[in-house]
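In what follows, a single structure is set out as structure tokens and then discussed.
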Amino acid sequence: MFLSEVRVRFAPSPTGELHIGGARTALFNYLFVRKAGGKFVLRIDDTDLERSRADYIDKLIASLRWLGLDWDEGPYCQSNRLEEYTREAERLVAEKKAYRCYCSVESLASGRSAARRDSKAFLYPGSCRNLSAAEEEAFHKEGISPVIRLLTPDQGTTVVKDEVRGEVRFENINIDDFIIVKSNGLPTYNFASIVDDLQMGITHVIRAEEHLTNTPRQQICAAALGYDLPLFAHVPMILAPDRSKLSKRHGATSVEEFYSEGHLPEALINYMALLGWSPGAGGEEEIFTLEEMSERFDLQKVNKTAAIYDVTKLGWMNSHYMRVYDLDKLVEAAIPFFEQKELVKTPLEEQDYCYLKQVIDAVRERAKTLVELAEASFYFYHDNFNYDDKGVNKHFRKENTVEFIRQAAAKLRQLESFDKEAVESQYRSLSEELGISTGRLIHPTRLALTGRTAGPGLFEIMALLGREKTVERLEKAANYIENNCLEK
RNA sequence: GGCCCCUUCGUCUAAUCGGUUAGGACACCAGCCUUUCAAGCUGGCAACAGGGGUUCGAAUCCCCUAGGGGUCACCA
């Protein structure tokens with residue numbers, strides 16, 4: 001027996017940016033299909049004319065590319081496949097497995113509110129199930145555009161065999177003759193989606209849990225259409241910290257926003273993978289490459305519980321990736337953020353690139369995001385910073401600081417070479433001469449050079465800034481202290 | 001409200017067939033390291049929603065309750 005090729009699909013609708021839930025669904029599909037050695041189909045579910053927008057398709061694609069989730073086929077757009085849905089729907093009508101319904105939206109709405117009053121679910125009563133040709137003709141003459149409804153079984157049970165949840169049973173009595181083609185001729189989601197999955201030979205439908213209760217309808221469709229069923233896997237949702245559905249008020253929720261906040265794709269991917277999945281059994285590491293995740297991924301190990309999305313761990317993960325990232329790659333990723341803060345301008349001269357690279361290497365360990373990285377690099381590019389207030393009180397206002405700084409500047413001016421080691425040994429011997437701790441020299445120097453009390457190792461900063469800027473800033477600071485800190 | 005799913009530290013999670021001092025990660029706290037801040041290392045705090053069963057033994061199996069989520073559209 002031949003193993004048929006595994007085919008999965010990710011089918012977002014272009015009604016907004018790719019959000020973290022959708023991205024994780026895409027990721028799980030990706031991990032699953034890479035491990036299985038199958039094909040990944042990208043499909044755009046754009047049958048909702050009102051809300052779908054072409055520019056969202058581009059954004060969706062850009063986000064997937066940025067994450068590194070590449071696909072093998074598509075993107076297919078449902079809007080290009082409308083004949084298929086019509087053809088299949090007409091076939092069902094011809095086979096008496098579906099029928100046209102002329103009920104008005106108003107009459108259905110009143111039925112719905114009545115059902116609500118009796119606290120029952122509204123089920124379409126099947127009024128148009130057995131219309132005679134004459135009756136249909138009459139409706140046509142009235143100019144009513146019908147919808148097409150699927151004739152669903154009134155008895156029995158539809159069982160969804162779910163890869164992560166096991167068997168989920170739905171009584172057919174609770175499923176009404178739902179609409180598969182709207183009066184404007186476009187298919188509904190439940191219909192278009194399953195027609196596509198069937199026609200595209202999708203073997204595993206991996207999607208969010210919100211679709212679980214749609215699945216029996218789609219299975220009934222598939223049966224009516226005469227196709228074999230794909231396997232289903234409904235992965236848990238991602239919730240906001242207050243357990244509600246994720247929305248704008250919860251901060252960044254889309255991949256684009258995570259990008260703008262300065263996250264690295266590897267970190268987002270790694271973080272998302274662990275939301276609802278873990279390699280389990282003994283494995284206690286949490287850092288994985290896409291390849292490692294693919295190797296270890298297993299739908300059976302996907303959780304059933306909705307996960308709460310909490311940015312703190314993402315921040316930790318991102319800072320981890322910033323530390324271990326290939327330096328040139330990190331520089332490349334960081335450049336737009338440095339540009340945005342007007343630290344660099346893009347066609348970068350070779351020596352500027354070289355300097356930037358050293359700056360980033362010095363600062364990367366204490367930044368959680370690329371935005372922070374650029375912020376923390378400000379003084380490597382500009383002189384116009386203020387001195388941190390607390391730092392001024394702590395370091396500049398101490399006795400003799402001006403003299404210490406001036407002496408340091410004088411010594412540095414005479415140094416033969418201005419590398420890290422030379423500067424450091426100069427500072428150490430000077431502090432000994434002065435009979436003070438090296439820290440007594442280091443702290444005011446850092447404040448003078450950076451305006452801050454925290455940052456990379458001081459001697460690294462000095463070597464990077466170079467002799468001229470270092471001395472200049474030391475003298476500027478000495479003057480500042482005289483003018484601002486020594487008044488009675 | 002009907003239907004469906006879910007419930008282990010604050011958060012993400014682990015615990016092959018029921019037998020563990022219920023493990024790890026993030027966060028938090030403390031100590032070490034140290035020129036600062038980070039990082040790193042060491043230690044600490046912290047959970048089986050509640051109640052009934054079944055069993056020699058239950059986080060694990062069954063039932064009930066509570067809570068959360070999803071879905072009930074001519075949205076996807």
Side-chain angles (χ1 to χ4, degrees), chain A residues 11-15 45-48 50-52 78 101 103 105 108-109 112 115-123 145-149 160 162 165 168-171 173-176 178-184 186-190 192-193 208-216 234 236-237 239 241 243-245 271 274-287 303-317 319-320 323 363-368 376 391 395 424 427-428 431 437-443 445-447 450 452-459:
Chain A
S13 55
T15 55
D45 282 10
D46 59 351
T47 54
D48 183 354
E50 306 273 304
R51 297 195 299 152
S52 294
Q78 291 192 325
C101 164
C103 295
V105 185
L108 293 175
R112 236 186 298 278
R116 201 159 191 92
R117 207 167 42 238
D118 302 344
S119 63
K120 273 192 252 170
F122 173 75
L123 298 174
S145 316
V147 299
I148 298 178
R149 289 181 184 271
V160 175
D162 191 282
R165 274 150 226 283
V168 184
R169 313 176 75 83
F170 297 87
E171 297 307 317
I173 189 77
N174 294 320
I175 298 173
D176 66 357
F178 57 93
I179 294 172
I180 57 175
V181 178
K182 305 180 233 176
S183 58
N184 63 5
L186 294 176
T188 57
Y189 165 78
N190 274 322
S193 176
E209 191 192 344
E210 53 184 322
H211 294 291
L212 180 58
T213 49
N214 281 324
T215 309
H234 290 92
M237 315 247 322
L239 270 27
R243 295 212 143 271
S244 68
K245 221 174 169 181
Y271 175 72
L274 262 20
L275 237 39
W277 171 79
S278 83
E284 301 211 308
E285 68 271 43
E286 308 229 318
I287 303 292
N303 259 292
K304 297 181 180 72
T305 325
I308 289 177
Y309 139 83
D310 174 29
V311 280
T312 318
K313 192 162 183 175
L314 171 62
W316 166 77
M317 207 159 252
S319 66
H320 169 84
R323 268 177 270 131
V363 174
R364 75 203 291 197
E365 196 168 286
R366 42 221 112 204
K368 279 207 201 48
H395 305 303
E424 174 161 7
Y427 255 54
R428 298 222 180 267
S431 62
S437 71
T438 318
R440 185 75 182 77
L441 224 41
I442 284 172
H443 296 306
T445 303
R446 172 178 287 103
L447 190 60
T450 69
R452 310 180 189 201
T453 56
L458 179 67
F459 306 117

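Proteins get letters first, then strands, A, B, ... in listed order; numbering begins at 1 in each.
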*asked:* Roughly how many Å apart are A25(B) and C41(B), using the P atom of each and rounding to a whole number?
replied: 10 Å
_Under 4.0 angstrom between Ser278(A) side-chain N/O and A14(B) OP1 or OP2_ = yes
*The side chain of Lys304(A) lies closest to which of these nucleotides: U71(B), C75(B), C6(B)?*
C6(B)
_Taking 4.0 Å as the cut-off, does a side-chain nitrogen or oxygen of Arg165(A) come that near to OP1 or OP2 on G69(B)?_
no
*If you look at every strand shown and take non-hydrogen atoms under 4.0 Å, does Val168(A) touch a base, only sugar-phosphate, or nothing?*
sugar-phosphate
_Residue Glu365(A), side-chain atoms from C-beta onward, closest of C26(B), A39(B), G70(B)_ = A39(B)
*At under 4.0 Å, does any side-chain N or O of Lys182(A) touch on OP1 or OP2 of A76(B)?*
yes
*Euclidean distance, atom CZ of residue Arg428(A) to atom C1' of U34(B) [Å, nearest integer]*: 10 Å
*Between C1' of C4(B) and CG of Asp162(A), the distance in whole Å*: 12 Å
_From the set G24(B), A76(B), G40(B), return the single nucleotide nearest to any side-chain atom of Glu286(A)._
G24(B)
*Nearest-nucleotide comparison on RNA chain B, the residue closer to the 5′ end among His443(A) and Thr47(A)*: His443(A)
*Whole angstrom is fine here: how far is it from OH in Tyr309(A) over to C1' in U13(B)?*
19 Å
*With a 4.0 Å cut-off on heavy atoms, is Phe459(A) in touch with a base, just the backbone sugar-phosphate, or nothing at all?*
base
*Answer yes or no: does atom CD1 of Ile173(A) have more than 12 heavy-atom neighbours from other residues, nucleotides or ligands under 6.0 Å?*
no
*Would you mind telling me which of G68(B), C74(B), C3(B) lies closest to the side-chain atoms of Arg243(A)?*
G68(B)
*Check every strand shown and say whether Thr188(A) touches a base, only sugar-phosphate, or nothing at a heavy-atom separation below 4.0 Å.*
sugar-phosphate
_If we count only N and O atoms by modelled type, under 3.5 Å, do the side chains of Thr312(A) and Asp310(A) hold a donor and an acceptor together?_
yes
*asked:* For the residue pair Thr445(A) / Tyr427(A), report whether a side-chain donor-acceptor contact shorter than 3.5 Å exists.
replied: yes
*For nucleotides C17(B) and U55(B), find the distance between their C1' atoms and express it as a whole number of Å.*
15 Å
*asked:* Between C6(B) and Thr305(A), counting only base atoms on the nucleotide and side-chain atoms on the residue, is there a donor-acceptor pair under 3.5 Å?
replied: no
*Given A39(B), is OP1 or OP2 found less than 4.0 Å from the side-chain N or O atoms of Arg366(A)?*
no
*Would you mind classifying the nucleic acid contact of Pro216(A) as base, sugar-phosphate or nothing, using non-hydrogen atoms under 4.0 angstrom?*
nothing
*asked:* My understanding is that a pair needs two contacts under 3.5 Å, Watson-Crick or G-U wobble. By that rule, which nucleotide pairs with A49(B)?
replied: U65(B)
*Starting at CG of Asp176(A) and ending at P of G2(B), how long is that distance when rounded to a whole Å?*
18 Å
*What distance, rounded to whole Å, do you find between the two P atoms, one in A59(B) and one in A49(B)?*
10 Å
*Mind checking Gly455(A) for me? I need base, sugar-phosphate or nothing, with any heavy atom below 4.0 Å counting as a touch.*
base
_Can you work out whether Leu123(A) or Pro187(A) has the more 5'-proximal nearest nucleotide on RNA chain B?_
Leu123(A)
*Crowding at NZ, Lys304(A) (>12 non-hydrogen neighbours, <6.0 Å)*: no
*How would you label the contact of Arg169(A) with the nucleic acid (heavy atoms, under 4.0 Å): base, sugar-phosphate, or nothing?*
sugar-phosphate
*Is His211(A) touching bases, backbone alone, or none of the nucleic acid, heavy atoms closer than 4.0 Å?*
base
*asked:* Going by purine N1 to pyrimidine N3 plus the second Watson-Crick contact, or the G-U wobble pair, all under 3.5 Å, which nucleotide sits opposite U71(B)?
replied: G2(B)
*Among C12(B), A14(B), A76(B), which nucleotide sits nearest the side chain of Lys313(A)?*
C12(B)
_At 4.0 Å (heavy atoms only), tell me whether Gly457(A) reaches a base, stays on the sugar-phosphate, or touches nothing._
base
*asked:* Under 4.0 Å, heavy atoms only, any strand: does Ser13(A) hit a base, just the sugar-phosphate, or nothing?
replied: sugar-phosphate
*Rounded interatomic separation in angstrom, taking CD1 from Ile308(A) and P from C9(B)*: 10 Å
_What contact category does Arg323(A) fall into here, base, sugar-phosphate, or nothing, at under 4.0 angstrom with non-hydrogen atoms?_
sugar-phosphate
*asked:* Does Cys103(A) reach a base, just sugar-phosphate, or nothing at all? Heavy atoms under 4.0 Å.
replied: base
_Pairwise C1' distance for U16(B) and C12(B), with rounding to whole Å_ = 23 Å
*Residue Glu210(A), side-chain atoms from C-beta onward, closest of A27(B), U35(B), G70(B)*: G70(B)
*Indicate whether any N or O donor in one side chain lies under 3.5 Å from an N or O acceptor in the other, for Thr215(A) and His234(A).*
yes
*Look at all strands and tell whether Arg51(A) reaches a base, only sugar-phosphate, or nothing, counting heavy atoms closer than 4.0 Å.*
base
*Ala454(A) side chain, from C-beta outward: closest of C12(B), A73(B), C37(B)*: C37(B)
*Report the distance from atom CG of Asn303(A) to atom C1' of A14(B), rounded to the nearest whole Å.*
10 Å
_Of the listed nucleotides C3(B), C75(B), U71(B), the one nearest the side chain of Asn174(A)_ = C3(B)
*State which of G2(B), C26(B), C5(B) makes the closest approach to the side chain of Ala121(A).*
G2(B)
*asked:* So, under a plain 3.5 Å distance rule, would you say the side chain of Arg446(A) forms a donor-acceptor pair with the base of U35(B)?
replied: yes
